[in-house]
Structures are given as C-alpha cells and as structure tokens.
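Below, read A as the first sequence line, B as the second, and so on, with proteins coming before strands; counting in each chain starts at 1. Keep in mind that the numbers below use all heavy atoms, side chains included, and drop hydrogens, waters and symmetry copies.
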Number of protein chains: 2
Amino acid sequence: MSTRDDLVEATAELLRERGYSATSPARILERAGAGQGSMYHHFHGKADLARAAMEHVAAVMTEAVESEDDPSLPALDRIRAFLAREWDPLLGCRIGRLVQDAEVVGDDDLRGIADRYFTHLEDWIADVLEVGRAAGELRGDADTRAAAAMVVAVVQGGFVLARAHQDVATQQAAIRGASLALGALRAREH
Amino acid sequence: MSTRDDLVEATAELLRERGYSATSPARILERAGAGQGSMYHHFHGKADLARAAMEHVAAVMTEAVESEDDPSLPALDRIRAFLAREWDPLLGCRIGRLVQDAEVVGDDDLRGIADRYFTHLEDWIADVLEVGRAAGELRGDADTRAAAAMVVAVVQGGFVLARAHQDVATQQAAIRGASLALGALRAREH
DNA sequence: GTCTATAACCGGATAGAC
DNA sequence: GTCTATCCGGTTATAGAC
C-alpha cells in the first residue's frame, strides 16, 4: 500500500475515534508511519486529507448497505434489515458524527460529503418503500419520504443516545421502536 | 447579574455555537466581558465552567418540555406535541451535540449531564405512553420503552441530518414520519 | 474579586536538505 | 517522495499586582 493510502487510512481511523477538530496532522503521521513532508506532498493540508478520507469512508459505507440488501424481499423487511445492521454505536456514525463539528460544517467540501451521503441513503430507503407501495404491500397514502427520513434519523439519533449513555441498549431500543412503528405503513388486510 | 452568571451564560452560548473543544476560555471571557482572573476564581478551569453551563442548559430544557405538556390530552397527542416543538436544527441539540465530542465523552462529569438529561426525557415519554396504555388508548402489547427511545432518537437524528444538509426540512420530515408511525401503537378500533 | 502578564505547550504549515 | 528543523499563532493555566 502506498504512503498516500496509509495516510488516508490513518486519517479515516482517527476521524472515527476522535472526530475532525481533535485529530492533528502529527497524530495522523505517527499512525501512518510517515513524515510531515509526505503529507504535504500528497495533500494540501489537513482539510484536504480529511476530504479524501471522508470520501473513502462514505463510498465504503454506501457500498456496504447496498450489497447487503436483498431486493427480492418485501419492502418493510428490507428496511428492517437495514435497521438491524451491525452498528457500532459507541464510536458513532463515521459520517454523522463529524457533522456536529463546527469546522466540518463550515467547510463546504467536507460537509458536502456528509450531505450527499445522507441524501443518497434517504433516497435509497424512499425508493425501496415506493416499490413496496407499488406492490400493494404499503398503504397508498404512505409518506415514503417522511418514513425514510425517520429511519435514517433513528439510526443517527441512536448513536447520539448510545454515546450519552455509553451503552448500546438505547440505540437498539430506538431501532426496535422504529421497526415496530413502520407497521403503520402496511396496507390494511382484507 | 453576577460575573459568575455572565461566565456561565457566555459559556452556554458558545457551547451551543461551537461545541466544547472549539470553545476557548479566551472567547468565553471576551463574550462575558471578564478577565481571566475571574474565571479561575469562580471555577477550576474550562471543564468546570462547562459543567456549570451544561447543567444550567439541561435544567432549562427539561423544564421547558414539562411546562409545555398538557397532561389532560391523550398520550399520543402529548408525544406528538413534543415532537412538534420548535427545534433549532441547524445549531443542533444543546446537549446531544456535545456528546459527539471526544473530550466531553471522556469526562464523566460532562457526559453524565447528557446521560441524565436523556434518561429523564426517555423516562418521561415512556411514562406518558404507559398512561395511554392504562387508559386503553394504546395497544396492550405496545413496547413503550422502545417507542420512547425512538421518539428521542428521531429528534436527535433530525439534528444530525439538518446539519449535514444545512436545511431544516429533513428533521421536519423525520419528525412527521415518526408522528405518523406512532399510529401503530394505537389500540384497534372495535 | 478582578485584572494583566507570562509560562509551557501544541496546533497547522513551511523550508530546504537528501 | 520523504525527511527533519523551524515558525507562528493560539490554548489552558498560573503568578502576582490592585
């Protein structure tokens, strides 16, 4: 693996463990086993390196969600499988966490990565639900965009609660609550 | 108002605007119109001042939620009124935001304030739903703890999405989705 | 109780050798 | 392409005068 890749990898790890502001170039270099010259040769600076790392992480996470999906299942089962994924709540979402950092939100390049990541996820869920509606599985008047936003928000909020409590149980409870509540979208049985 | 109160007030504002790590004592002093000596006279340091500010904010927010509640309404209406409160999503939750900061989570005094704040909120919502179940409004098998965790998580996750998108609409959609989905808890009509 | 001066340290970035 | 030495600015904390 190239020094450049080592730097991106080390940055991604530290972003996950400590967030953006609290991650210093010095620590990145230490973990990557590289000198300062390498970093400033391959990247313009800390923000540029973080941008590369965030883009890598967002691509990996998006790919993971879609590769685990089984489109032959009923829509609600697909969404419930998404909710039931293995999250790592104590570390927080690798993307969502960063967006609470003023430096990240103040940099349109960095925030844009999170923006597009969540937009893609919300669209994907809404599309799955639309398929379910077209198949008659869901109510004709189901608000699929609202439901998709709710699903993504429950996972993200679960991370917040897990970190506050230092305990994974509350995120699991929130996800269970959302899974159960999604039953409200189901078309009435005849 | 005393210098001490000015310091707590200025800290609470900056915590909201910039988070914990990015808030320096120098900025607090500038905003409070005080010198460094005052701060170190009244508090042990930055963490101690933040603790006072977070405790103040958590108390104010808890009080606001409970004072806006109308216990004579049906349970689902009370929870939906909570969800429909005026949030300020672009700034993030004054408590939940801080918990993504490694320095806050690493300090049990600071994290403990967030921990207790959310525990209290989850308990309050679960209690309201229990009242609704006892009154026959909700299904007998409703998982009130899961539903309470979901409600708090949707609000917190909505803050995350609002910041990522720099747009309040997604939080509103998530809240609408949760409000609608809570209908799954309602007892069947006979 | 409040002030200013200063210490000791760490952040991000640059310079220039190899 | 990678290294080390160095700069400048900002951070938290302390000292000691008023």
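- Across B/V154, B/L161, B/V160, a single residue satisfies side-chain contact (heavy atoms from CB on, under 4.5 Å) together with A/V152, and that is B/L161.
- Atom CG of B/L49 is separated from atom P of D/dA13 by 11 Å (rounded to the nearest Å).
- Between A/S38 and D/dC3 there is a side-chain polar atom (N or O) within less than 4.0 angstrom of OP1 or OP2.
- A close approach under 4.0 Å does occur between a side-chain nitrogen or oxygen of B/H42 and OP1 or OP2 of C/dT2.
- Rounded to an integer number of Å, the gap from CG of B/L29 to P of C/dT4 is 10 Å.
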Q. Yes or no on ring-ring contact (aromatic ring centres under 6.0 Å, His included) for B/Y117 and B/W124, after CA distance, side-chain angles and deciding distance?
A. CA-CA 11 Å; B/Y117 170 73; B/W124 180 79; over 10 Å; no
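- Ion pairing of A/D143 with B/R176 is present here, as a side-chain N (NZ or NE/NH1/NH2) and a carboxylate O approach within less than 4.0 Å.
- As judged by a 4.0 angstrom heavy-atom cut-off over every strand, A/A34 is placed among residues touching the sugar-phosphate backbone only.
- For the pair A/Y40 OH and D/dA5 P, the interatomic distance rounds to 17 Å; values are reported in whole Å.
- Side-chain atoms of B/Q36 lie closest to D/dT14 of the nucleotides C/dC3, D/dT14, D/dT6.
- Distance CE (B/M39) to C1' (D/dT14): 12 Å, rounded to an integer number of Å.
- Nucleic acid contact class of A/S2 (heavy atoms, under 4.0 Å, all strands): none.
- The nearest whole Å value for the distance from the CZ atom in A/R27 to the C1' atom in C/dG12 is 15 Å.
- Between B/T3 and C/dT2 there is a side-chain polar atom (N or O) within less than 4.0 angstrom of OP1 or OP2.
- In this structure, B/F43 places its CZ atom 16 Å from P of D/dT12, rounding to the nearest Å.
- Here B/S21 lies out of heavy-atom contact (under 4.0 Å) with every strand.
- Checked by atom type and distance alone, the side chain of B/Q171 pairs as donor or acceptor with a backbone atom of B/V155 at under 3.5 Å.
- Look at NZ on A/K46: it is 9 Å from P on C/dG11, rounded to the nearest Å.
- Residue-to-nucleotide proximity on DNA chain C shows that, of B/R4 and A/P25, the 5′-proximal contact is made by B/R4.
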Q: Determine, step by step, whether B/R31 and B/E13 satisfy the salt bridge (Lys or Arg N to Asp or Glu O under 4.0 Å) criterion, reporting the C-alpha distance in whole Å, the side-chain angles of both residues, the deciding distance to 0.1 Å, and the verdict.
A: CA-CA 9 Å; B/R31 183 162 311 193; B/E13 285 175 19; 2.9 Å; yes
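- At whole-Å resolution of the value, CG in B/D5 and C1' in C/dT2 are 16 Å apart.
- Candidate nucleotides D/dT2, C/dG11, C/dT6 were compared by shortest atom distance to the side chain of A/H41, and D/dT2 ranks first.
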